[in-house]
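Encoded as structure tokens, the structure appears first; notes follow it.
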Amino acid sequence: MEPVETLPTVLVVDDSPDNIRLLGNILLRECRVLFATSGQAAMDSAVANHPDLVLLDVMMPEIDGFEVCQWLRAQESTRGIPVILVTALNDMDAETRGFEVGAVDFLTKPVNPAVVRARVAAHLALKRQRDILEKTNLRLQEEIRRREKLETQLREQAEYDALTALPNRKLFHDRLQQAVLVGERRRRHFALLFVDLDRFKWVNDTLGHDAGDTLLIEVARRLKGVVRKSDTVARLGGDEFTVILSDILHESMAELVARKILEQLSTPFILKGQQVAISGSVGIGMFPDDGATPHDLARNADSAMYLAKQSGRNAFRFFSEEIDRQAHQRMTLEGEMRLAFQNDEFFIDYQPKIRLATGRLSGMEALVRWDHPREGVLFPKQFIPLAEGTGLITQVGAWVLRTACRDATLWIEEGFPDLRLAVNLSALQFRDGERLVSMVEETLLETGFPAKNLELEITESMMLGNPEQAAETLNQLRDLGISIAMDDFGTGFSSLALLKRLPIQVIKIDRSFVKDLTPDGRNASFTSAIISMAQQLGLRVVVEGVESDQQLNILKQQGGDEVQGFFFSPPLGRESFLDLLHGRLPLGAAKVVNDD
Ligand SMILES: Nc1nc2c(ncn2[C@@H]2O[C@@H]3COP(=O)(O)O[C@H]4[C@@H](O)[C@H](n5cnc6c(=O)[nH]c(N)nc65)O[C@@H]4COP(=O)(O)O[C@H]3[C@H]2O)c(=O)[nH]1
């Protein structure tokens with residue numbers, strides 16, 4: 001006989017003490033037997049003693065065997081205990097229900113001792129096997145988790161730099177390879193920047209390696225701060241860092257990041273309690289122009305970095321000489337643009353707008369120019385993108401609106417009360433709606449220009465980022481009494497939904513549609529369709545870029561409201577425009593000075 005503590009435990013449940021005694025005697029030799037004489041006592045005992053098997057009488061008062069069995073199955077701690085139900089002979093219904101509530105077997109009364117022993121022994125053996133399997137399974141899962149953790153650690157050690165936690169050289173090469181593949185497949189540009197610290201050796205030699213490590217960790221943090229989450233910043237070793245800027249639309253975006261990096265690196269670091277100024281050099285390679293393979297691109301970005309270092313440090317260089325020249329020209333221009341306000345170098349030309357129905361001047365569009373001391377007169381496309389890239393556009397835009405409103409107020413006072421002034425807004429001004437609305441409001445107050453005579457020109461793309469916020473800004477502008485014109489209509493999505501949703505009063509048909517306007521051409525159908533759609537929506541239509549009387553006649557027939565273009569007049573300086581207003585200069589007499 002096995003010692004009692006190693007014998008399996010069987011809980012015998014029956015409300016009849018005789019039956020309990022009988023079953024107990026049958027099992028006594030092979031098992032440790034526990035007893036319960038009610039359903040409740042059985043449940044309590046199962047939870048407390050966790051038996052290896054339950055022999056459960058079905059017919060009991062209050063809580064019967066089915067309920068007890070169901071309850072045991074529902075509890076986490078007793079779910080695995082096999083239950084054999086003891087039923088009356090030939091009670092088929094009881095058997096069916098018993099299986100439904102989770103019993104594993106049946107014994108029928110009156111019980112046959114040999115059958116009882118055999119069934120109990122079989123189910124105990126099964127349970128033992130299951131327990132062993134479960135334990136093995138748990139151990140295996142634990143082992144898998146341990147190995148996965150180890151693998152992750154090993155991978156991180158193999159792919160990440162231990163000091164800065166940035167991707168190391170190996171992972172950088174993988175990512176670069178990946179970027180090249182994506183770039184090839186989707187025909188996307190991306191930029192690779194090589195960044196090198198200019199005084200790292202000095203820090204290591206004079207302040208010690210601890211300070212060098214602190215510096216590298218801080219540099220890693222700052223570099224990550226200037227790029228998007230989807231970009232990669234890696235450390236190749238020493239003080240050599242790289243940045244992969246994915247999805248670059250234009251080199252100027254890479255330039256912007258390079259400049260931010262230089263700014264970050266030239267902001268002093270605190271090392272061993274003292275302020276240390278270092279700087280960096282950045283080399284930029286553009287995919288695919290500066291290298292269509294990871295190897296070529298990396299080599300070229302690296303050599304651009306050496307050129308930057310040679311050119312006096314704290315500098316960036318593009319690999320391509322042409323791009324580099326343009327980037328540095330932009331940088332110079334930016335500095336000069338800041339000075340241009342002080343030196344009064346901006347001025348405005350006004351291009352007349354003509355009402356088709358009367359053939360008379362109805363208003364003008366203000367177009368900014370920059371009288372650059374070295375380059376001569378610069379047109380918007382030569383400096384507005386730069387002003388947008390540097391944030392200076394807010395200042396330029398406010399200056400244009402104030403100056404144009406001041407000029408136009410004078411003209412209104414000179415006897416042209418209906419003169420309408422159109423001013424362009426930039427997407428960047430539009431992004432800060434609140435600031436824009438208060439700037440416009442203040443300008444109207446300051447200059448006394450009537451809001452109803454002002455038309456602000458926006459483009460569709462400005463609305464796309466956040467249409468809800470755009471609609472709110474436009475509503476606030478409309479509440480001031482200003483009209484809103486959708487510029488360049490037809491070149492973007494030309495979404496009707498947008499026209500319906502936004503408080504727009506005017507659409508301006510882009511001049512590309514007027515260019516080849518012939519009576520039976522495709523462009524004629526296009527302008528005609530837009531004009532009749534606009535009329536149905538109650539919008540005014542201004543057509544830009546009218547250069548010939550043939551175009552004019554078509555537009556007249558199609559019923560446009562206003563036109564603007566070299567056929568009547570190019571943009572004019574303030575004095576010439578005044579001459580035009582007073583009839584001293586006839587419409588159509590001025591020569592084209594800006595034909596882009
Ligand atoms: N080929 C041809 N061109 C014609 C004709 N009639 C007018 N143009 C030109 O077309 C442009 C019309 O302005 P836009 O579509 O609003 O396009 C403007 C506008 O989007 C932007 N811009 C101008 N001034 C400002 C400003 O103060 N702020 C902002 N944010 N953008 C401005 O710069 C763009 C270009 O301005 P500009 O170079 O002055 O060029 C002007 C004008 O000189 C024509 O018959 N034929």
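A quick note: this is a predicted structure, and the numbers were derived from the prediction, not measured. These numbers come from the heavy atoms of this one structure, side chains and all, not from hydrogens, waters or symmetry mates. Order of appearance sets the numbers: ligands from 1, and atoms from 1 within every ligand.
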**Message:** Main chain of Asp549, side chain of Asn553: is a donor-acceptor contact present, judged purely on distance under 3.5 Å?
**Reply:** yes
**Request:** Look only at the side chain of Asn300 and the backbone of Asp290, and say whether a donor-acceptor pair between them is shorter than 3.5 Å.
**Result:** yes
Please state which part of [X] comes within less than 4.0 Å of ligand 1, counting heavy atoms only: side chain, backbone, both or neither.
| X | value |
| --- | --- |
| Glu457 | side chain |
| Lys381 | neither |
| Val546 | backbone |
| Arg511 | side chain |
| Val400 | side chain |

Under 4.0 Å between a Lys/Arg side-chain N and an Asp/Glu carboxylate O for [X] and [Y]?
| X | Y | answer |
| --- | --- | --- |
| Lys309 | Asp196 | yes |
| Glu442 | Arg402 | no |
| Arg325 | Glu322 | yes |
| Arg406 | Glu446 | yes |
| Arg299 | Asp296 | yes |
| Glu457 | Lys508 | yes |
| Arg369 | Asp349 | yes |
| Arg222 | Glu218 | yes |

**Considering all heavy atoms, the nearest Ser483-Gln505 contact** = CA-OE1, 3.1 Å
Can you find an N or O of [X] that's nearer than 3.5 Å to an N or O of ligand 1?
| X | answer |
| --- | --- |
| Phe566 | yes |
| Glu547 | yes |
| Gln564 | no |
| Glu365 | yes |

**Message:** Any heavy atom of Arg369 closer to ligand 1 than 4.0 angstrom?
**Reply:** yes
**Request:** Examine ligand 1 and decide if any of its atoms is less than 4.0 Å from a heavy atom belonging to Gly397.
**Result:** no
Element-labelled atoms of ligand 1 that are located less than 4.0 Å from some non-hydrogen atom of [X]:
| X | value |
| --- | --- |
| Pro571 | 43 (O) |
| Leu425 | 30 (N) |
| Gly565 | 6 (N), 45 (O) |
| Gly545 | 5 (C), 44 (C), 45 (O) |
| Ser426 | 30 (N) |
| Gln351 | 6 (N), 7 (C) |

**Asked** For atom 38 (O) of ligand 1, which candidate among Ala422, Ala404, Pro380, Pro352 provides the closest heavy atom?
**Response** Pro380
**Message:** Please state which option from Asp487, Thr459, Val368 has its nearest heavy atom closest to atom 24 (N) of ligand 1.
**Reply:** Val368
**Fill in**
Only one of Glu455, Glu544, Glu365, Glu562 passes salt bridge (charged side-chain N to carboxylate O under 4.0 Å, His left out) with Lys353, and that residue is Glu455
